[in-house]
Every structure is written in C-alpha cells, then in structure tokens.
Amino acid sequence: SSIDYHWFYEGYNGWWLYDEQTSNDIETAYQNEELFVEVLIAGFIYVIDFEKMVQYRKEFPNKSRKIKRDKTDMQIKGIAGLRTR
Ligand code: V3L
C-alpha cells in the first residue's frame, strides 16, 4: 500500500526523508494524480513537481532538488535536516 512508500529530497551525497506531515501531503497529491503540489517547509512555499520529480522554492524555480519515492528508507541522511546517521 502507499503506507509502504517514503518521499525523499536530495542532499549532498545522499537523500533526506521529508517530515511526516509533508510526506503525507505529497503522497496524497501523488495518489490523486496531481501534476504538482505546494507544501510549506520552514515557512517557505515549495513546489513538488511530479512530472520532473523535483522540488523548489516557489520564488526560486530554477534552484531545484531531485526528489524520489521509494519503498526503502534504509540509506537516509536523516529526516527534514535532522541527521540520524
Ligand atoms: N525539508 C526540510 N528542509 C528543506 C527541504 C525539505 N523538503 N527542502 C529544502 N530544505 P533550497 P546536505 C537541506 C532546506 O533547496 O548536507 C537539508 O535538509 C535545505 O535543507 O535551496 O546538503 C539539510 O538541512 C536548505 O537548508 O530551497 O545534505 C541541509 O540542506 C534550505 O532549505 C544540508 O543538507 C534551502 O534549500
């Protein structure tokens, strides 16, 4: 089921997990086959673009990060900037 999936954004040499609320919002939009969804991250609006599979701050569309949806969350740097390894 969709509960088994995790959402990640790219960091330096690795991937970060989204915080749980944001991850749930992204997964819901993805399941609804939206082309993109806007989420609030640390006070800024970010666009999650499901076609290009990138995220970017709405005000800075040309500075994007890759995102991915995957079943495993074994090799992450941490969650939303909080290191777990
Ligand atoms: N969730 C939390 N913070 C984010 C997210 C997000 N989805 N997207 C961007 N930021 P930008 P390393 C990241 C933060 O893309 O060492 C990591 O979470 C982003 O934080 O230019 O490079 C780490 O905290 C960055 O601080 O809009 O792997 C940090 O980078 C800021 O928003 C370092 O990670 C600007 O990102």
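Both counts, for ligands and for their atoms, begin at 1 and track the order of listing.
Ion pair R69/E27 flagged as a salt bridge, since at least one NZ, NE, NH1 or NH2 atom sits closer than 4.0 Å to an Asp/Glu carboxylate oxygen.
Atoms CG and CD, from D25 and E20 in turn, are 11.0 Å apart once rounded to the nearest 0.5 Å. In this structure, the separation between OG1 on T84 and CD1 on I76 is 4.0 Å, given to the nearest 0.5 Å. Of the inter-residue distances, the one linking W15 atom CH2 with K77 atom NZ reads 12.0 Å to the nearest 0.5 angstrom. Separating the OG1 atom in T28 from the CD atom in E34 is a distance of 10.0 Å, to the nearest 0.5 Å. Note that the CG atom of L82 and the CG atom of L17 stand 11.0 Å from one another [nearest 0.5 Å].
Residue contacts with ligand 1, taken as heavy atom pairs separated by less than 4.0 Å, do not involve F44 at all. Contacts with ligand 1 closer than 4.0 Å are made by side-chain heavy atoms of Y9 only, the backbone lying farther away.
Taking atom 24 (O) of ligand 1 as the reference point, the nearest protein heavy-atom neighbour is G81 CA, 3.4 Å. For atom 8 (N) of ligand 1, the nearest protein heavy atom (residue, atom name, distance) is Q55 NE2, 2.8 Å.
Taking a distance limit of 4.0 Å, we find that atom 21 (O) of ligand 1 is approached by some protein heavy atom. In this structure, atom 33 (C) of ligand 1 has its sub-4.0 angstrom surroundings free of protein heavy atoms. Taking a distance limit of 4.0 Å, we find that atom 17 (C) of ligand 1 is approached by some protein heavy atom.
For E10, the closest heavy-atom approach to ligand 1 does not fall below 4.0 Å. Put simply, part of Y46 is less than 4.0 Å from ligand 1, judged by heavy atoms.
Taking a cut-off of under 4.0 Å to the non-hydrogen atoms of I41, the atoms of ligand 1 that pass are 1 (N), 2 (C), 3 (N), 4 (C), 5 (C), 6 (C), 7 (N). If you number the atoms of ligand 1 from 1 as listed, the ones under 4.0 Å from a heavy atom of K63 come out as 21 (O). Distances below 4.0 Å separate heavy atoms of G11 from the following atoms of ligand 1: 28 (O).
Through chains of ILVMFWY side-chain contacts below 4.5 Å, F50 is grouped with W7, Y9, W16, Y18, I26, Y30, V37, V39, I41, F44, Y46, I48, M53, I67.
Between Y18 and ligand 1, not a single N/O pair is under 3.5 Å apart.
No side-chain heavy atom of F36 sits under 4.5 Å from any side-chain heavy atom of E51.
Of the candidates K77, R83, E59, R65, R65 brings a heavy atom nearest to atom 25 (C) of ligand 1.
R65 meets the salt bridge (charged side-chain N to carboxylate O under 4.0 Å, His left out) test with no other residue; sequence neighbours excluded.
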